[in-house]
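Structure, as structure tokens:
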Amino acid sequence: MKRIYITGFALLGLFKAFSQTVPTDSTSYKSKKIKIDEINLVSSYYKQDGNNAAVTGGIGSEKLTDISNTIDVKLIRYSKAGNKHTLDLEAGIDHYSSASSDMVDLQANSSASSADFRFYPSFNYTIENENKGNTIGFGLSSSTEFDYQSFGGNINFSQKTKNRNGEFSAKFQAFLDQVKLVKPIELREYEDGYGTASRNTFAGSLSYSQIINKNFQVMLLADLITQKGYLSLPFHRVYFADNSVHQENLPDSRLKIPVAIRGSYFLGDSFIIRAYYRYYSDDWNIKSNTAELEMPIKLSPFFSLSPFYRYYSQSAAKYFKAYKEHTEADTYYTSNYDLSKFDSHFLGMGMKLTPINGVFGIKEFNTLEIRYGHYSRTTGLNANIISLNLKYK
């Protein structure tokens with residue numbers, strides 16, 4: 001986690017100097033020059049443990065740690081026509097170490113698979129016509145690690161209602177991925193290098209938000225997601241009832257349909273109730289329900305706490321069976337417990353600090369937020385995550 005903190009402190013002086021040269025907008029003037037609107041420095045630490053690793057056929061250690069660091073920069077300017085142009089640049093880097101990935105090679109004490117880095121830059125550009133209440137935009141992204149390369153793109157549109165109390169949004173996303181075929185050591189043939197396989201994901205999203213009154217807001221969401229290509233993971237083992245070992249084999253297509261509703265109710269200036277529910281279904285026979293509740297409490301003008309809780313329940317995919325339960329009669333097979341039947345709980349607390357003189361005494365750094373969450377599920381997996389967000393605005 002030091003990487004993002006060192007970066008953040010090194011930029012403090014630069015941001016402060018820059019902020020003194022940027023003119024402040026007034027109600028009668030909007031700057032035509034590009035300027036920094038917001039910067040977020042985010043760092044998180046995640047650790048999990050369990051005993052159902054897919055790499056070893058549904059048994060074995062699921063120990064994993066992940067350190068994630070991202071920087072997100074939003075730049076804005078107004079055109080001569082009065083349209084607001086926003087450029088959102090983000091870059092992230094993760095480092096993980098995984099006991100289960102280390103078992104791709106069962107003979108190695110510490111193989112190359114035991115740890116890896118993931119780098120994921122992205123940018124999004126939007127143009128908002130504030131008079132007409134509409135926004136159009138597009139974006140590109142990528143994600144790179146040793147055995148996976150992903151390129152993504154999106155286009156989006158939104159339109160506010162005449163009274164500005166409602167807004168309709170539509171978004172289309174595409175992800176074109178390449179999976180490196182890293183097989184379990186005992187299933188490899190004598191060959192140089194690894195082959196690759198493609199995996200493509202296309203997603204359409206629709207949403208509508210509505211201000212019911214000054215205290216209550218609601219949003220409806222619906223997605224249609226289709227995947228084509230190599231949807232297995234090549235290093236996932238599956239042990240059959242006859243003690244033979246196989247490579248995970250899943251269909252080359254998947255259709256997902258989630259629908260959701262989100263609501264926020266404001267109880268005065270100090271208390272908010274945020275609720276969320278989602279129903280999910282796909283053609284692998286997984287059906288799930290998610291219910292989430294968060295209640296931010298403002299204890300002072302500069303300090304708030306946000307306890308939260310999420311419950312999740314899903315049915316098993318029709319291709320899932322546990323260790324040594326699959327047979328030769330199965331066309332498709334997996335022992336990945338992410339596709340099993342389970343319930344999970346995620347609860348924790350967020351803390352937000354907005355000091356009047358700014359974080360570290362720098363006014364432009366107006367928000368420091370720390371969140372902690374504990375995750376558990378009925379398969380025995382447990383995890384903890386803590387994150388820090390420092391905002392410049």
Any chance NZ of Lys63 has more than 12 other-residue heavy atoms, nucleotides or ligands included, within less than 6.0 Å?
no
Report, as yes or no, whether the 6.0 Å neighbourhood of atom CG on Asn357 holds more than 12 heavy atoms from other residues, nucleotides or ligands.
no
Checking Asn249 against Gln247: is there a side-chain donor and acceptor pair closer than 3.5 Å?
no
Between Asn289 and Ser313, is there a side-chain donor-acceptor contact under 3.5 Å, judged purely by atom types and distance?
no
So does Lys363 have more than 12 non-hydrogen atoms from other groups sitting under 6.0 Å from NZ?
no
Are any of the side-chain heavy atoms of Leu64 and Lys47 separated by less than 4.5 Å?
no
Decide if atom NZ of Lys352 counts as having more than 12 heavy atoms of other residues, nucleotides or ligands within a radius under 6.0 Å.
no
Is there a donor in the side chain of Ser264 and an acceptor in the side chain of Gln217, or the other way round, less than 3.5 Å apart?
no
Axial cation check for Tyr375 ring with Arg377, 6.0 Å and 45° limits
no
Nearest non-hydrogen partners of Asp177 and Tyr148, listed with the distance:
OD2-OH, 2.8 Å
Does atom CG of Leu299 have more than 12 heavy-atom neighbours from other groups under 6.0 Å away?
yes
Between the side chains of Asp223 and Ser205, is a donor N or O closer than 3.5 angstrom to an acceptor N or O?
yes
The ring-ring contact (aromatic ring centres under 6.0 Å, His included) partners of Phe175 (sequence neighbours excluded) come to none
Polar side-chain atom of Arg310 near backbone of Glu294 as donor-acceptor pair, under 3.5 Å
no
Verify the neighbour count for atom CG of Asn213: are there more than 12 heavy atoms of other residues, nucleotides or ligands below 6.0 Å?
yes
Start with the C-alpha gap between Lys321 and Asp330, add the side-chain angles, then the distance that decides, and say whether salt bridge (charged side-chain N to carboxylate O under 4.0 Å, His left out) holds.
CA-CA 10 Å; Lys321 288 181 182 176; Asp330 297 325; 3.4 Å; yes
For Glu325, give me all partners under side chain to side chain donor-acceptor pair (under 3.5 Å), at least two apart in sequence or on another chain.
none
Parallel under 30°, tilted from 30 to 60°, perpendicular over 60°: which one fits the rings of His246 and Tyr333?
perpendicular
Over 60° means perpendicular and under 30° means parallel, so tell me whether Phe308 and Phe346 are parallel, tilted or perpendicular.
tilted
Could you walk me through whether Tyr96 and Ile67 pass the side-chain contact (heavy atoms from CB on, under 4.5 Å) check?
CA-CA 6 Å; Tyr96 76 82; Ile67 298 174; over 6 Å; no
Phe302 meets the ring-ring contact (aromatic ring centres under 6.0 Å, His included) criterion, sequence neighbours left out, with none
